[in-house]
**Student:** 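One structure, as structure tokens, below. Some questions next.
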2 protein chains.
Amino acid sequence: MTRVTFSPLYLQIRERLVQGLQGGEWRPGEAIPSEIELAARFGVSQGTVRKAIDVLATEHMLIRRQGRGTFVASHLEQRAQYRFLRLRPDEGEPIQPTSRFVECRRMRAPGEIARALELKAGEGVVMIRRQLQFASVPLVLDEIWLPGNRFKGLTAERLNAYSGPLYGLLEAEFGTRMIHASERVRAVAAEPQQAEWLDVRTGEPLLLAERISTTYTGRPVEVRRGWYVTRGHHYFNELN
Amino acid sequence: MTRVTFSPLYLQIRERLVQGLQGGEWRPGEAIPSEIELAARFGVSQGTVRKAIDVLATEHMLIRRQGRGTFVASHLEQRAQYRFLRLRPDEGEPIQPTSRFVECRRMRAPGEIARALELKAGEGVVMIRRQLQFASVPLVLDEIWLPGNRFKGLTAERLNAYSGPLYGLLEAEFGTRMIHASERVRAVAAEPQQAEWLDVRTGEPLLLAERISTTYTGRPVEVRRGWYVTRGHHYFNELN
DNA sequence: TAGTGGTCTAGACCACATG
DNA sequence: ATGTGGTCTAGACCACTAT
């Protein structure tokens with residue numbers, strides 16, 4: 001008997017839990033049912049539910065809190081804010097940045113962006129430019145591309161009326177949660193415009209991080225280019 | 001009763017396994033005893049041993065192979081070679097680099113290096129400079145600092161007589177295995193000497209990765225500065 | 001005190017690799 | 001056929017949080 005698709009029970013349970021998350025049955029910040037309750041609902045043992053939840057916890061979709069319950073992860077929680085931002089000061093504690101939105105407009109996706117977002121050529125996208133300041137010092141310039149359909153009411157006004165991490169806004173207002181991202185990092189020379197916004201000289205080396213973010217399904221829903229000033233700051237990474 | 005130090009059984013087992021690895025009871029590439037055997041030895045259930053091994057497997061100290069056994073991870077294995085090297089071509093498959101050693105000498109640790117390696121001021125270190133070529137194209141310049149005591153027979157001749165990842169040599173010949181590393185990445189301008197070795201213009205933006213590597217105990221045993229050319233290549237990173 | 005997640009056990013059976 | 005790790009179960013008890 002050739003079994004082409006073998007998937008253990010706990011991964012099937014994981015799938016069903018992801019569907020619940022994705023479908024909005026449990027929203028970011030809320031608790032999901034207890035393990036015993038889920039075990040009963042799915043007709044499996046508590047241990048199997050535990051293993052499924054363990055996977056989702058290491059994938060940062062759920063957060064376990066002993067004695068309290070298991071919660072849907074959220075970019076709005078204190079601990080998870082700016083989870084994907086790897087810029088750190090060389091000395092001292094990390095500081096929360098503040099955003100200053102430079103531009104927000106809708107357009108047809110350029111070819112490169114459409115490819116990365118898996119959109120058809122010419123589909124609409126939102127393009128956002130912003131500057132991030134750390135203790136009033138501008139250190140980051142972001143160029144963010146989002147699928148237009150998924151984020152219909154997203155406008156410059158909406159952005160300016162909000163303070164906090166962008167991903168928090170996207171998950172709370174548009175129901176799209178960024179789960180995972182991969183980055184390509186390189187060194188480039190600052191263009192005149194960038195130099196002006198970042199208060200450095202033209203040609204100064206900047207770190208460029210090109211990011212693609214995906215949601216529950218694994219579908220790419222954001223393309224981002226970030227230019228970082230790395231004098232006195234650095235891009236932090238752990239190698240395992 | 002206030003219990004200040006609570007450590008579950010499986011983490012205590014983990015500790016004892018790490019001691020076995022660190023002490024050389026099981027060497028890189030070898031199999032450790034089966035779960036059942038370890039359970040008997042430690043007087044716990046197989047499930048508890050499993051949990052301990054699970055932790056060590058996610059920490060990349062052990063590798064589980066269904067049907068075969070559990071093995072001590074090694075930098076010499078095909079799959080793990082250049083595990084810490086994050087430079088990737090923008091297009092196509094990663095290529096294994098070849099090293100060209102430029103310099104290898106012993107000296108007293110400069111203050112900054114001594115601090116990072118947690119050595120006393122003036123203790124001996126080995127300093128290695130090398131160039132990494134990818135398909136004969138030089139893309140990386142490394143400056144590597146190692147504690148002199150731990151790597152006594154490490155000489156230029158020894159390095160030149162060896163081909164393959166440096167960490168493989170260090171683990172096989174000196175019994176020191178790099179388990180974890182953290183990097184600070186920034187953009188800098190190429191110095192004249194670097195530009196020459198990397199075949200770029202002086203002042204060209206380079207990516208600089210400053211790495212501190214630790215062994216089983218968590219003790220830092222390597223400081224490394226790597227300058228990367230990121231035209232056509234990038235530093236790859238996954239954000240979780 | 002009640003309810004949640006966390007640990008530990010013992011045992012059954014499955015999937016996989018090797019001889 | 002044997003031995004390894006992988007899955008699943010059922011049940012006991014522990015640690016933590018909230019009421």
**Student:** ring-ring contact (aromatic ring centres under 6.0 Å, His included): which pairs involve residues 76-96 of chain A, sequence neighbours left out?
**Tutor:**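 The answer is A/His75-A/Phe84, A/Phe84-A/Tyr167.
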
**Student:** Among residues 41-62 of chain B, which contact DNA chain C at a heavy-atom distance under 4.0 Å?
**Tutor:** B/Val44, B/Ser45, B/Thr48, B/Lys51

**Student:** So if I take residues 63-72 of chain B and measure heavy-atom distances to DNA chain C, which residues fall below 4.0 Å?
**Tutor:** B/Gln66, B/Gly67, B/Arg68

**Student:** What integer distance in Å separates A/Tyr10:OH from D/dG5:C1'?
**Tutor:**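 Checked: the OH to C1' distance equals 12 Å.
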
**Student:** In whole Å, what is the span from the CG atom of A/Leu9 to the P atom of D/dT9?
**Tutor:** 6 Å

**Student:** Please name all residues satisfying salt bridge (Lys or Arg N to Asp or Glu O under 4.0 Å) with A/Arg115, sequence neighbours left out, ordered by chain then number.
**Tutor:** none

**Student:** Which side-chain hydrogen bond (donor to acceptor under 3.5 Å, both in side chains) pairs, counting each pair once, include a residue from residues 130-139 of chain A, with sequence neighbours left out?
**Tutor:**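 Qualifying pairs: A/Ser99-A/Arg130, A/Arg130-A/Asp142, A/Gln131-A/Gln133.
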
**Student:** State, without any angle test, whether A/Tyr235 and B/Glu183 hold a side-chain donor-acceptor pair at a distance under 3.5 Å.
**Tutor:** no

**Student:** Checking A/Glu238 now: which residues fulfil side chain to side chain donor-acceptor pair (under 3.5 Å) with it, not counting sequence neighbours?
**Tutor:** B/His180

**Student:** Just to verify, what does A/Arg83 make a salt bridge (Lys or Arg N to Asp or Glu O under 4.0 Å) with, not counting sequence neighbours?
**Tutor:** none

**Student:** For residues 29-53 of chain B, pull every pair meeting salt bridge (Lys or Arg N to Asp or Glu O under 4.0 Å), keeping only residues two or more places apart or in separate chains.
**Tutor:** B/Glu25-B/Arg41, B/Glu35-B/Arg50, B/Glu35-B/Arg64

**Student:** Please name all residues satisfying salt bridge (Lys or Arg N to Asp or Glu O under 4.0 Å) with A/Arg150, sequence neighbours left out, ordered by chain then number.
**Tutor:**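 Listed in chain order: nothing, the list is empty.
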
**Student:** Below 4.0 angstrom, which residues in residues 22-37 of chain A have at least one non-hydrogen atom near DNA chain D?
**Tutor:** none

**Student:** My understanding is that only residues two or more places apart in sequence, or in another chain, count here; which of them pass salt bridge (Lys or Arg N to Asp or Glu O under 4.0 Å) with B/Glu118?
**Tutor:** none

**Student:** Can you tell me how far C1' of C/dC8 sits from CD of B/Gln12, to the nearest Å?
**Tutor:**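 Result: 12 Å.
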
**Student:** Does anything in residues 16-61 of chain A pair up under ring-ring contact (aromatic ring centres under 6.0 Å, His included), and if so which pairs, sequence neighbours excluded?
**Tutor:**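 Every candidate ring-ring contact (aromatic ring centres under 6.0 Å, His included) pair involving residues 16-61 of chain A fails, so no pair, neighbours aside, qualifies.
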
